[in-house]
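As C-alpha cells, the structure follows; a few thoughts come after it.
Just so we're on the same page: letters track the sequence lines, and every chain starts at 1.
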Amino acid sequence: MVVSMYYYIQKTGMEMFDVSRVYGLALLLDTSAEIANVDERIILEDFGTYYQIRGPEIKDTENLNENRSFLGLFEPNDGWSRIFLTITMAPTINIENEKKKERVLNKIKEKTSQIQSLLSSELVKIFSNYSNIEYSSDISAKKKNGFDTIYQSIEVTAAKGFRRPVRDRYEEGGQVYAPISDSAVAYLGGAHFIHWVWGDNAIRILPVPRRVIYKNHLEIQNILKEKYTCRVSVSSALAHYAVNMVMSIREQKVNQASYADKYSSLIYNAMIKTGNQWKPTAGGLFPLDFLLSIVEDNVHTSEGILRTWDNLFKNARDGREDLALSLADFISHPTIDTFEKHLNIHLRHSLNKELQKRNVFLPKYSSNEMKEVMKHVKS
Amino acid sequence: MSKVELSEVFGNPSVEAFGTALRWAVRPSEFGGAEDYASLVELEYTETEEDFVEVLKKFLRRYHSYAKRREKEGKHTFLPSETDLKNLMKLIDQLNHQNVNGIRVVRAALISHALVKASKKEEGE
C-alpha cells in the first residue's frame with residue numbers, strides 16, 4: 001500500500017534557492033518512487049511561509065549508486081555546468097577545444113560526484129528532515145563544518161550576503177552558506193529546472209508553483225526547453241518565457257478536463273560577466289496573473305492572443321527591439337498607458353513598407369482577441 | 001451611470017466606425033489604403049478634448065477625399081458620421097466622470113481597431 005507524506009520546505013527569503021530545493025526534492029522523490037516501483041502523484045504547493053510537497057513515503061534507498069535513473073541525474077551536462085558557472089566559466093559543455101572541454105567536464109564531475117555521494121548516503125535523512133515542518137535551512141554568513149557555499153548561479157542574493165556593520169557604516173556582506181544537504185538538493189533542482197537565457201546578461205528563470213502536479217510541470221519544462229526566448233532585455237526574456245509557458249499551460253488545460261494547476265510568478269536572477277568574474281545584476285519576481293487570467297477567462301480566444309505575442313517577440317530584432325520592450329512592459333504592467341504605448345509601436349512597425357518589401361508581416365489580432373485583451377487592461 | 005470598461009469602448013459602434021476607417025486610412029496604397037500616417041501621429045499627441053475633436057474632423061476630411069476616390073473606382077467605402085463623432089465625445093465625457101482619462105481610453109480603442117484584421121465583408125467592400 002502506497003503511503004503519502006508531506007514534505008515542507010521552509011522559505012529562507014532566498015527565493016530561487018528555495019524553489020530550486022522544491023524541484024530538487026520533487027525530483028528525488030520521483031526518482032526514488034520509480035526505483036521502488038511506487039506510483040504516487042507528487043504535488044507542489046505554496047503555503048506562504050513554506051512550500052509543501054505531497055509525495056510518496058520513501059523508506060528504502062539502497063543501491064542508489066547502482067541505479068541508472070539515479071546516476072543519470074548527475075551526468076555532466078549544460079544544466080550542471082551552469083550551476084557551477086563561477087567555477088567552470090562555461091555556459092555549455094559543447095566546447096570545441098578538447099582540452100578546455102575536458103577541464104570543464106572534470107570540474108563538473110568533481111562537484112556532481114560529491115553531490116551524488118552525499119545524496120545517495122543521506123537521502124533517507126534528507127527526506128526525514130523535510131518531512132518535519134519545523135526543519136528549516138540554517139543560512140549562515142560564516143563557513144561552518146557541514147556547510148557549503150550557495151553559488152551565485154543558484155541565488156543571486158547569496159553573492160552579496162547579509163549587510164554588516166564595518167567601522168560605523170553598513171557594507172554589503174560576503175558569501176552565504178547553507179547546510180551541505182540543502183545546498184545539494186538546491187543544486188540538483190537548479191541543474192534540472194532552471195531555464196537559462198543568454199543575452200547581455202545570463203538570465204535564470206524558475207516558475208513558482210502555487211499548486212502544481214509535478215508530472216504536468218515536467219511536460220511544460222520539456223516543451224519550453226526547445227522554444228526560442230527573446231534576448232533583447234531581461235524583461236523581454238521573462239515576458240516571452242511567460243507567454244510560452246502560459247501557451248503550454250493552456251494546451252494542458254484544453255487536454256485535461258480536470259486541469260487545475262496554478263503558478264504564481266517567475267523568479268528570475270541575472271548575472272553579467274566582467275573580466276573573469278560573474279557579478280549579480282538583477283533579481284525578482286515576474287507576475288503571471290495577467291496572462292493566466294486571459295486563459296482562465298477564454299481558453300479558446302487566448303490561443304490566438306498568445307501566438308500573436310510569441311510572434312511579436314520573435315520579430316523583435318533588426319530595429320524592432322522596441323516591440324519586445326513595450327510588449328514586456330505591457331505584460332508585466334497591463335495598464336492603459338503601457339497598452340497604448342505598445343499598440344503605437346506595433347502599428348508603426350506593421351505599416352513599415354521596408355518590412356513589407358522583405359515579406360515580413362507582423363501579426364494582427366482578430367476582433368474577439370483584441371476585445372479579450374482589453375477586458376484585462378487596468379484603466 | 002454604469003461603469004464603462006475598455007473592452008466595451010472597443011465594441012462601441014461609433015468607436016468601431018472610426019476605428020474601421022482608421023484601419024483603412026493607414027493601410028498601404030497597394031492594399032487599398034490611404035497611407036494617412038499624419039492622422040495617426042496627430043491622434044497620438046492630442047491631450048485636450050478640443051484637440052481631439054479637431055484631429056478627428058481633420059481625419060474625416062482626409063478620409064472623405066479617399067472615400068471619393070474609391071467611389072470613382074466603383075468601390076464602396078464605409079464612412080463614419082458626424083453622429084459617430086458626437087457619440088465619441090459623449091463617451092469621453094462618460095469616462096472622465098469615472099475618473100478615467102477618456103481621451104486616452106478612446107484613443108487606445110481607435111488604434112487597437114487599426115491592429116485588427118479586416119473582416120471578409122470589409123475586404124469585399
Short donor-acceptor separations (under 3.5 Å), chain B to chain A:
unit_1: B/E30; atom_1: OE1; unit_2: A/K353; atom_2: NZ; d: 3.2
unit_1: B/E35; atom_1: OE2; unit_2: A/K353; atom_2: NZ; d: 2.5
unit_1: B/R104; atom_1: NE; unit_2: A/D337; atom_2: OD1; d: 3.3
unit_1: B/R104; atom_1: NE; unit_2: A/E340; atom_2: OE1; d: 3.1
unit_1: B/R104; atom_1: NH1; unit_2: A/D337; atom_2: OD1; d: 2.6
unit_1: B/R107; atom_1: NE; unit_2: A/E340; atom_2: OE2; d: 2.4
unit_1: B/R107; atom_1: NH2; unit_2: A/E340; atom_2: OE1; d: 3.3
unit_1: B/R107; atom_1: NH2; unit_2: A/E340; atom_2: OE2; d: 3.0
unit_1: B/L115; atom_1: O; unit_2: A/Y365; atom_2: N; d: 3.1
unit_1: B/K117; atom_1: N; unit_2: A/Y365; atom_2: O; d: 2.8

query = Atom CD1 of A/I213 and atom CG of A/L44: how far apart are they, to the nearest 0.5 Å?
reply = 9.5 Å
query = In terms of heavy-atom pairs under 4.5 Å, which option from B/V116, B/L6, B/L115 contacts chain A the most?
reply = B/L115
remark   = OH (B/Y66) and CG (B/L79) are apart, to the nearest 0.5 Å, by 10.0 Å
Sole candidate of B/L110, B/V15, B/L91, B/L95 that passes side chain to side chain contact (heavy atoms under 4.5 Å, CB included) when paired with B/V105 = B/L95
ask   = When rounded to the nearest 0.5 angstrom, what distance separates CG in B/L88 from OG1 in B/T83?
value = 11.0 Å
request  = For residues A/M16 and A/I194, determine if any side-chain heavy atom of one lies less than 4.5 Å from a side-chain heavy atom of the other.
outcome  = yes
Least distance between heavy atoms, A/P207 atom then A/L266 atom = CA-CD2, 3.8 Å
ask   = Under a 4.5 Å heavy-atom cut-off, does chain A meet the side chain of B/V100, its backbone, both or neither?
value = side chain
task = Please round to the nearest 0.5 Å and tell me the distance separating atom CZ of A/F330 and atom CD1 of A/I345.
result = 12.5 Å
request  = Please state whether the side chain, the backbone, both or neither of A/L343 comes within less than 4.5 Å of a heavy atom of chain B.
outcome  = both
